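The structure appears below as C-alpha cells.
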Amino acid sequence: MPLDEAWIALSLVPRIGNKTIDALLSTFGSSDAILSTSKDDLITIRGIGKKTAQAIHELDRDAFRRALDTWQAAGIQIVTRDDPNYPTSLREIPDPPLTLFVRGTHQPEQWQPAVAIVGTRQPTPMSLAIARQLGTGYAEKGWTVISGLALGIDSAGHQGALVARTTPTLAILGSGVLNIYPSENYLLAEQILDRDGALISENAPDATPLATRLVTRNRIISGLCQRVIVVQTDSDGGAMHAAKASLAQGRDLFTIDWQFTGNQALLELGAQPIKPHQLMIPSAR
C-alpha cells in the first residue's frame, strides 16, 4: 500500500485527532486537498482553530518528504489508520492513533493475545521480581508482553519476556522510535529489536518525550492488549492512565493485591486481584 504522505503529515499536526481529520476529509475530500486548502476555509471546520489552521497551511511538503525518506531508510515502517496492516485491536478503541511508526518486526497478527505489564518507575524489589515473573510466565504461555519501556516495572516486564525467548515484546514509546526514552534503556530497546520485537510510537520518529505524549501512549498500550496488569502504583502514578484506559476500552484489568495506594484504588474501580504468591497465568491458546 503506497504511503499517503499528506495523511501522515496531517497526523503529526498537534490537536488533530480522528474526529477532526474525519471532518476535514468529509468537507475537502482527501488529505492532499486538505493541505491545499486556505486558512480561512480550514477554520470553518469544527475543531480547527487559528493555530491548527496555520500549522496545516505552513506544512512544507518537500521537507516532510525528505524526512519520510530518512525514516524509511532507517528501517521504520509507517502504518496509517486505513492500512490493512494496522493492528485490528487498535481500531476498536475510541481514539486510535492516526499513524503508527514501527521500528522492528511489524507482525500484528502474531501479537495476539497480548498482555500489558505496567507500573511505577520506583518499585520495591518484590514488585520488580513479580513483574519479571509475569513477563516470563506470560511469554512462555504464548502471550506477547507489552509495556512502555519506562524504568522500573515496565523494564522488568520486558526483561522477563526476553528471558522466555518465545514471543516478541513490544515497547510503546512517548517519544519517537529513533529517540529512545529513557536513554538508560537504550540497550533494552536493542534487545527487544534483536528478538523480533518492536518499538512503536504515534509520534514522529525523532520526536522528544513530552509529558502529554507519555500519557497518551497509554491508550495504545492497553488498546493492543486483552488484559492489563498493574504491578505497583501510587494513586497518582503514570500507570493509572493505562489502567483507566483499559477500563474505558473494555480490556481486562488486573492488579497485584497489596497495600499501595494505586493498587487499592484500582481494586475499588473493579480491577481483578492477583495474589502476589499465586501468579496464575492462562495459556494463550
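The analysis underlying the following values was restricted to heavy atoms, covering all of them including side chains, and did not include hydrogens, waters or symmetry mates. Computed from a predicted structure; not experimentally measured.
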For the backbone of Leu224 and the side chain of Gln112, can you confirm whether one donor and one acceptor N or O come within less than 3.5 Å of each other?
yes

Picking from Thr124, Asp154, Asn263, Ile130, what satisfies side-chain contact (heavy atoms from CB on, under 4.5 Å) with Val231?
Ile130

Does the pair Phe28 and Ser36 meet the rule for a side-chain contact (heavy atoms from CB on, under 4.5 Å), with working shown?
CA-CA 10 Å; Phe28 302 115; Ser36 301; over 6 Å; no

Quick check: closest heavy atoms across Ala204 and Leu12, and the distance to 0.1 Å?
N-CD2, 3.7 Å

Euclidean distance, Ile117 CD1 relative to Arg132 CZ, rounded to 0.5 Å:
12.0 Å

Taking the side chain as C-beta and beyond, is there a heavy-atom pair between Trp7 and Ser30 under 4.5 Å?
no

Please round to the nearest 0.5 Å and tell me the distance separating atom OG of Ser201 and atom CD1 of Ile172.
8.5 Å

Intermediate values then yes/no, side-chain contact (heavy atoms from CB on, under 4.5 Å), Leu214 and Tyr181:
CA-CA 10 Å; Leu214 292 168; Tyr181 178 82; 4.1 Å; yes

Evaluation steps, side chain to side chain donor-acceptor pair (under 3.5 Å), between Asp206 and Asn179
CA-CA 6 Å; Asp206 53 0; Asn179 188 5; over 6 Å; no

Go through Val13 and Leu59 one step at a time and tell me if the side-chain contact (heavy atoms from CB on, under 4.5 Å) criterion holds.
CA-CA 9 Å; Val13 173; Leu59 278 170; 4.1 Å; yes

Find the distance between NZ (Lys50) and CG (Leu42) and round it off to the nearest 0.5 Å.
13.5 Å

Does Asp234 use its side chain to pair, donor to acceptor, with the backbone of Asp236 at less than 3.5 Å?
no

Linking I/L/V/M/F/W/Y whenever their side-chain heavy atoms sit closer than 4.5 Å, directly or via other members, would Val215 and Leu149 fall into one cluster?
no

Going from NZ on Lys141 to OG1 on Thr167, what distance comes out if it is rounded to the nearest 0.5 angstrom?
12.5 Å

Salt-bridge criterion met for Arg61 and Asp32 (N-O under 4.0 Å)
yes

Can you list the steps and then say if Arg66 with Trp71 is a side-chain contact (heavy atoms from CB on, under 4.5 Å)?
CA-CA 9 Å; Arg66 290 193 295 271; Trp71 298 339; over 6 Å; no

Non-hydrogen side-chain atoms of Phe101 and Glu202 separated by less than 4.5 Å:
no

Lys/Arg-Asp/Glu bridge criterion (N-O < 4.0 Å) met for Asp22, Arg81
yes

Interatomic distance, Gln278 atom CD to Asp257 atom CG [nearest 0.5 angstrom]
10.5 Å

With side chain to side chain donor-acceptor pair (under 3.5 Å) as the test, would you mind laying out the steps for Gln122 and Gln232 before giving the verdict?
CA-CA 9 Å; Gln122 297 178 314; Gln232 176 189 337; over 6 Å; no

Any heavy-atom pair between the side chains of Phe254 and Val228 that's under 4.5 Å?
no

Where is the tightest heavy-atom contact between Val145 and Gly157, given as atom of each residue plus distance?
CG1-O, 3.8 Å

In this structure, OG1 of Thr52 is separated from CG of Leu10 (nearest 0.5 Å) by 11.0 Å

For the residue pair Thr169 and Thr144, establish whether any side-chain heavy-atom pair is separated by less than 4.5 Å.
no

Leu193, Tyr186: one ILVMFWY side-chain cluster at the under-4.5 Å cut-off?
yes

Ile78 side chain near Leu68 side chain, heavy-atom distance below 4.5 Å
yes

Sequence neighbours left out, cut at 3.5 Å: what donor-acceptor pairs do the side chains of residues 242-253 make with other protein atoms?
unit_1, atom_1, unit_2, atom_2, d
Ser246, OG, Ala243, O, 2.5
Gln249, OE1, Ser222, OG, 2.8
Gln249, OE1, Gly223, N, 3.1
Gln249, NE2, Arg219, O, 3.0
Gln249, NE2, Ser222, OG, 3.4
Arg251, NE, Ser222, O, 3.4
Arg251, NE, Cys225, O, 2.9
Arg251, NH1, Glu92, OE1, 3.4
Arg251, NH1, Gln249, O, 3.3
Arg251, NH2, Ser89, O, 3.2
Arg251, NH2, Gly223, O, 2.8

Sub-3.5 Å donor-acceptor pair from the side chain of Arg213 to the main-chain atoms of Leu210, do we have one?
no

Verify same cluster id: Ile274, Phe260 (apolar side-chain graph, 4.5 Å):
yes

Can a donor-acceptor pair be found, under 3.5 Å and without considering hydrogens, that links the side chain of Trp143 to the backbone of Pro282?
yes

Short question: side chain of Thr255, backbone of Leu266 - any donor-acceptor pair under 3.5 Å?
no

Does Thr37 reach the main-chain N or O of Asp41 with its side chain, forming a donor-acceptor pair under 3.5 Å?
no

Trp111 side chain reached by Pro87 side chain, heavy atoms, under 4.5 Å:
yes

Should Leu178 and Ile200 be regarded as members of a common hydrophobic cluster, given that ILVMFWY residues are connected when their side-chain heavy atoms come within less than 4.5 Å of each other, either directly or indirectly?
no

When you measure from the side chain of Asn85 to the backbone of Val79, do you find a donor-acceptor pair of N or O atoms at a distance under 3.5 Å?
no

State whether the side chain of Arg103 and the backbone N or O of Val177 hold a donor-acceptor pair below 3.5 Å, judged by distance alone.
yes

Can a donor-acceptor pair be found, under 3.5 Å and without considering hydrogens, that links the side chain of Asn203 to the backbone of Thr208?
no

If you look at every heavy atom in Pro123 and Ile153, which pair is closest and at what distance?
CB-CD1, 3.6 Å

Kindly work out whether a path of hydrophobic side-chain contacts (I/L/V/M/F/W/Y, heavy atoms less than 4.5 Å apart) joins Leu188 to Leu128.
no

I need the minimum non-hydrogen distance between Asn185 and Ala150, along with the two atoms involved.
ND2-O, 3.6 Å

Using a 4.5 Å cut-off between side-chain heavy atoms of Ile, Leu, Val, Met, Phe, Trp and Tyr, which other residues end up in the same hydrophobic cluster as Leu187?
none

Where is the tightest heavy-atom contact between Pro205 and Ile76, given as atom of each residue plus distance?
CB-CD1, 3.5 Å

Any side-chain heavy atom of Ile180 within less than 4.5 Å of one from Leu199?
yes

Any side-chain heavy atom of Arg15 sitting closer than 4.5 Å to one from Thr20?
no

Over all heavy atoms of both residues, which pair between Leu151 and Glu184 is shortest? Give the atoms and the distance, please.
CD2-CB, 4.1 Å

Candidate pair Gln264 and Glu268, rule side chain to side chain donor-acceptor pair (under 3.5 Å), full reasoning
CA-CA 6 Å; Gln264 291 302 306; Glu268 292 177 6; over 6 Å; no

Check: Ile8 main-chain N/O paired with Ser11 side-chain donor or acceptor under 3.5 Å:
yes

